[in-house]
Structures are given as structure tokens and as C-alpha cells.
Amino acid sequence: MTGKLLEVRGLKKYFPITGGILGRTVGQVRAVDGLDFFVRPGETLGLVGESGCGKTTVARLLLRLLTPTAGEVIYKGQNIVHLRGRALQHLRRELQIIFQDPYGSLNPRLTVAEIIGEQLSIHGLARDRQERLAMVRELLAAVGLEGHHLWRYPHEFSGGQRQRIGIARALALNPQLVVTDEPVSALDVSIQAQIVNLLLDLQERYKLAYVFVSHDLSIVRYMSHRVAVMYLGKIVESAPVAVLFERPAHPYTQALLSAVPLPDPAVRRQRIVLEGDLPSPANLPRGCRFHPRCFIRLPRCREEEPHLHDCGGGHLAACHIVGGQKSEVGAPENGSRTESLQGRAPDVEGADINPRGTGVFRG
Amino acid sequence: MADTVLSIENLRTHFYTRDGVVPAVDGVSLSVRGGETLAIVGESGCGKSVTALSVMRLVPAPGRVLAGSRVYFAGLDLLALSEREMRTVRGNKAAMIFQEPLTSLNPVFTIGRQIGESLRLHKGLGKKAAREKSVELLARVGMPQPERIVDEYPHALSGGMRQRAMIAMALSCGPRLLIADEPTTALDVTVQAQILEVIRELRDGSGMAVMLITHNLGLVAEMAGRVAVMYAGKIVEQGEVSAVFDSPGHPYTEGLLNSLPRLTGRTERLPAIPGVVPHPACLPAGCLFEPRCAKAAERCRVERPELLLRPDGRQISCWPQN
């Protein structure tokens, strides 16, 4: 895996907030606020974060379903931000998306043959009806559906089957990069595993690259080669998957990982419980976006926004405190230990560093 | 050992739809003791929520709890109570919180008024006293600035704050039983952690019994002492959480646990359970799980196993293998 299939530089998307009878812009929701990342061919980049962090907006920006406010999206060396008309249509053959909601994303009035076959005609990939149907049949087989499903409507399928139809539709044009936006979060546990396995099989078979957007850390760990963690429109940490899950550097990643309930009653972890809620992306905190909820914050974090910096081996973190910038750090604001957090898993550390002492249960 | 707070015997709740009878809950028996958390776990449509609604006598039409079902709560036969008597139990001694806090809060009343409502109704508190008590309850569930929030409307609150308000409401009359139906499913993991901590503290502090309904096996492991696994309207396995997770007795439980992606350990292909849950209108004649079961034998196809108590205290409904 060499080279970059897709590269994003300084990507921003602001949504205006309008008010008053004249509909003047009175503010901005900074949904995506300066992202840099890349995807190699055949690789899965996991994009993980909580609701409102901007991950779905990123998915839509990559496909040009939204136009960015600023920044570049470079696909195979070409900036696609300003593509129009035929060039954009051509691009969409190579970039596809699978949506979260298998109920809302399929047209209820079309049969499966039409849902999947439509784009084959639009892009002129099938010469006639016979050829088109043959191609759709082949796609259905690839996602584990059968030929007699061709003439059925979406309501006749279960959630898992519908998601298979959505996957077949995404694959129809033989794309190189598929953005999957929470593809399994609407599905039951036993069906989730089926779809996750299908996505992995298809990746192997068609050499697909995925941008796997999800809030579910365990699934991201299964699917991804590299993971980027988003918080309020920014990437706060990114690393190869094993590194991120073994040695999370950013306090937000640590808290996020420690908050996932483990299906193992024998494991008793110390948990970092963050205070408060996600701030509104329309009214971002000054300095580090995470500082109001951070358990290791310093006075500096309130003033100065940290940028992603390398902690070694492609492990990037945006935090003043962790990862090699310690020399600049003064005394911690709340008398907590900072050293202990560096490069350590949250289940070993983080016990005595919550300022209000609410951070821990089950010692 | 604390007293049994809730005991359900052979609960059957069927829905009489145009397309036929749907046995949403079909012969469920379980009990919860004070200070204990019993988790009911299963996938969508397995009947876990209908079980909870049946206890609270809130089953929507065309659903009906069949004769022969028994629900005993704190010495009362709930199914024999009149609707009027039931109203003195609901929200008072037995409270319930739901998955989506926004749709279960009334958008046109302030938070304080909604919490105060049950206090005034069940405890006969005056307007002022109810308000003061509401502030106190909000503080107890960790709501920031309770004096301000008490006068806010639900739309002004975040998801986590709404769920805290719901919990404050459920706890207002000091219930002996809290039924939590997917209480954190709509919330982010960091907020989920906060809410779980609140529920756990309140349970340990007051000795209240908790019935936790969830599809998340991680929550079961962290919150519950005992677990009942449901599949297609029936309990297929019930026992201590540590024992069930350590050595699942039913192939469905085993399949569920194996198909979970984990945060640690190996990341090979997930062993998925093949197939889908049977449609409730055309259930298999034998074991309900047989069509998806890797260990199914001839007997499983024709004869449905009963939920039997094993010597180790676990209940499993599966024909003995080997």
C-alpha cells in the first residue's frame, strides 16, 4: 500500500445560522473545522467520534454531496472541490457511499433491480436491459442476496438485507473508495457481524478503500487500518489501529475508550467519566476545544489551540500535554499528574486525575 | 438476601393483528430482588420491551396480556388491580424510564412541573414543596445548575440532561422498582457512562430493584448481577451474569457473545450467527433458534425445549447435547 488515493487538506464546512425576518446570517456552525487526512488504496480509515462531531459532514464532503467552505479534497492527484458536470459525474463512479439508515436510503417505489440498475444505465455501463440485469444479478450474489430478490421492493426485506442492497448499489459502478456512514449501527448484533464480514470480504475481493465513519469503537477497531478520532469538527488524534487502541494519547480518546462498556464481567476497569456535555459547534470554547471537559487541562489549554503533532510512528495527537511537548508545560491546573498519562492505556491510568473525583468507579 | 420485589410468572402478551396473532411475549417467568439489577437482553422484536410494558400495564392495543399470566409486585397482584389502583403504583412505587427522553417528556411543560406532577399526585405535596423537591432530585442525578434547569423546557436540554431529568422524575417518589428500557441507547458513550453511574449509585443507595432492558451485552456485563436472554418472545437462558458470560449455555447466547467486536484481543473475522430472527407469525415448530443453530439436531426440529433449571442455578432452554 503506497501512495495516497485520497488526501484532504484543511477541509472546512461552516453552516450559516440565519435569524430575523431578513434571514441574515447571525452565526456559524463550524461542523468541520480544518481537517487533514489521507487514505491509501485498499486501506480502511476509521473516522470515529460522538454525535455532532462532524463525521457525517466529512463523509458528505468527500463525495461532494456538500461543497466545502474551504480546503482541498484531492482524489488521485486531482482537487475535486470545484469539479462540475461531466467531470463530477465521472468522479462519482469511483467514489461511493453506504448510508446508515437502510430504511430511508432506498426508494420504496423501485424494485431492487431498478435501485441497483439505475446507475448502470446512467453511467452507460450496460448496453441493454439483458446486460444490466445480468450485472445486477452478479452484484446481488456478491452481497449474499439471491436472483429472485430482483423484483422485490425494499419493504419486503429485513434491515440486514436492505443494507446488503445498499452495499450492492455502492459497488455497482466498481468504485475504488467507498465511504460508509455508520453502516451497521441500525442493525442487531447478530446481523452486524454478518455485514461487517461482508464489507471485509468485498474489500479483499475488489481492493476497495473505505472511509469507515462510526461512533462504535469496537467495530472501528475491526474494520480499520488507521483511525482518526474527531471532536467538535477537528481530528484530535490519529494513529494506526493497534497503536490507537493500545496507547491512546489524547485525553478524549482515553475517555472514549474507557467509556465503552465491555462485554466481559470479569474485567473491572477504572473509567474516566467526562464532565458535562459536548459544547455546541456554533459556540466553540476558546483554546483547546476539549478543555472544558478535560481532566488533565492546564491554564494554557484555555488560551491556545493545540495542533496535531507527531508522537512518533505516524501517531498524531492534538494536545498540549501529551506527546513530546511536555517541556513547555507548567504546573498542572488541578494538581494532577500529567506524566502518567503519556502513552498509557486508560484502564491503568486516569484514576486520580479527575478534578472532581467523579472520574472513577469500581476500583 | 433481599426480598423479591417483582416476580413474573408465565407472562404471555400477544398482539392480535390483522395478519394473525403475534406472540410477542410467550411464557416469561423471572424475578428481581431489592438492590439487584436484572438485565433482559435480546435483539429487536424479541419481546424485552413488551415484557416491561406488561409489568407496568402499558401494553398498547392490539396487544393483550393473556389470562394465566401473573405479575406480583411488592405483595400486589398487578394484573388484578383496577386501572385506578394501578395508577397509584405506576410512577410511584414502580417507575420506568425510556429510550428516547425527548419523546417521553412533554414539550409544553417545564422540567420542574413534570417532576413535580408525580410528587403532587402521589405524595400530596404543594406546588412550592414539589418545586423544591424537584430541584433536590435534579441535583441528586447530577444535573448541572438544577435551580435553573427546573424552569427550562425539554427542548433546551441536551440528550444526557433529558435522560437525567427522566431519571429524576422516575425517582421522585422513591420507587422500589425501576424499569430502564434502553436508557442509554440514544446517548453517546461518554454521556452513557455518566447516566449509568447515576443509576448505579441510586440503586446501591436505596436498595431499589432495577430491571435493565438492553441489546448491549457490554451494559449487561457492567451493570447487572443476573441476566435473562430473550429470543422470539421466550427466555432462552437465565442466570448469574458472570456464569452466563463465562460459559454461555444456550447456542444463541454463545453466538451473540462471539459475534461481538471487542476492544481488546484478536481482530479476525467475527463468527456471525447466520440467518435472521424468525417472523413471529410463522415460528418454527421445534426450537425457535433451530434454523440458525449450528448445533441443531433432529430432535430440535420437531420438539421445542422447555426452560429448565440446571443444578448450578442456571436456566437454559436447549436439549442436552452430546
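Order of the sequence lines fixes the chain letters, A, B, ..., with proteins taken first and strands second; residue numbering starts at 1 for each chain.
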Which atoms of B:Gln192 are under 4.5 Å from chain A, going by heavy atoms: the side chain, the backbone, both sets, or neither? side chain

In terms of heavy-atom proximity below 4.5 Å to chain A, should B:Val220 be classed as side chain, backbone, both, or neither? neither

Heavy-atom check, side chain of [X] versus side chain of [Y], under 4.5 Å:
{"X": "B:Glu222", "Y": "B:Leu196", "answer": "no"}
{"X": "B:Leu157", "Y": "B:Ile149", "answer": "yes"}
{"X": "B:Phe98", "Y": "B:Ser49", "answer": "no"}

With chain A as the partner, which of [options] has the greatest number of non-hydrogen pairs under 4.5 Å?
{"options": "B:Ser44, B:Gly159, B:Gly142, B:Pro144", "value": "B:Ser44"}
{"options": "B:Arg292, B:His215, B:Met161, B:Glu201", "value": "B:Arg292"}
{"options": "B:Gly255, B:Ala272, B:Gly160", "value": "B:Ala272"}
{"options": "B:Leu270, B:Thr264, B:Val276", "value": "B:Leu270"}

Name the option with the most non-hydrogen atom pairs under 4.5 Å to chain B; the candidates are A:Ala259, A:Ala193, A:Gly52, A:Ser218. A:Ser218

Tell me, out of A:Leu256, A:Leu217, A:Leu200, A:Ile219, who's got the most heavy-atom pairs with chain B below 4.5 Å. A:Leu200

Let's go through B:Arg148 and B:Glu152 carefully: what are the C-alpha distance in whole Å and the side-chain angles of both, what is the deciding distance for salt bridge (charged side-chain N to carboxylate O under 4.0 Å, His left out) to 0.1 Å, and is it a yes or a no? CA-CA 7 Å; B:Arg148 189 176 66 78; B:Glu152 287 285 0; 2.9 Å; yes

Relative to chain B, which segment of [X] carries a heavy atom at a distance below 4.5 Å: side chain, backbone, both, or neither?
{"X": "A:Asp201", "answer": "both"}
{"X": "A:Val189", "answer": "both"}
{"X": "A:Ser190", "answer": "both"}

So, A:Ser258 side chain and A:Ala255 main chain: donor-acceptor pair closer than 3.5 Å or not? yes

Measure the acute angle between the ring planes of B:Tyr231 and B:Tyr252, then classify it against the limits of 30° and 60° as parallel, tilted or perpendicular. tilted

Does the side chain to side chain contact (heavy atoms under 4.5 Å, CB included) test come out yes or no for B:Asn216 and B:Thr184, once each step is laid out? CA-CA 10 Å; B:Asn216 185 334; B:Thr184 56; over 6 Å; no

Dump the intermediate steps for side chain to side chain contact (heavy atoms under 4.5 Å, CB included) on A:Thr44 and A:Gln203, then the final yes or no. CA-CA 9 Å; A:Thr44 303; A:Gln203 177 165 48; 2.8 Å; yes

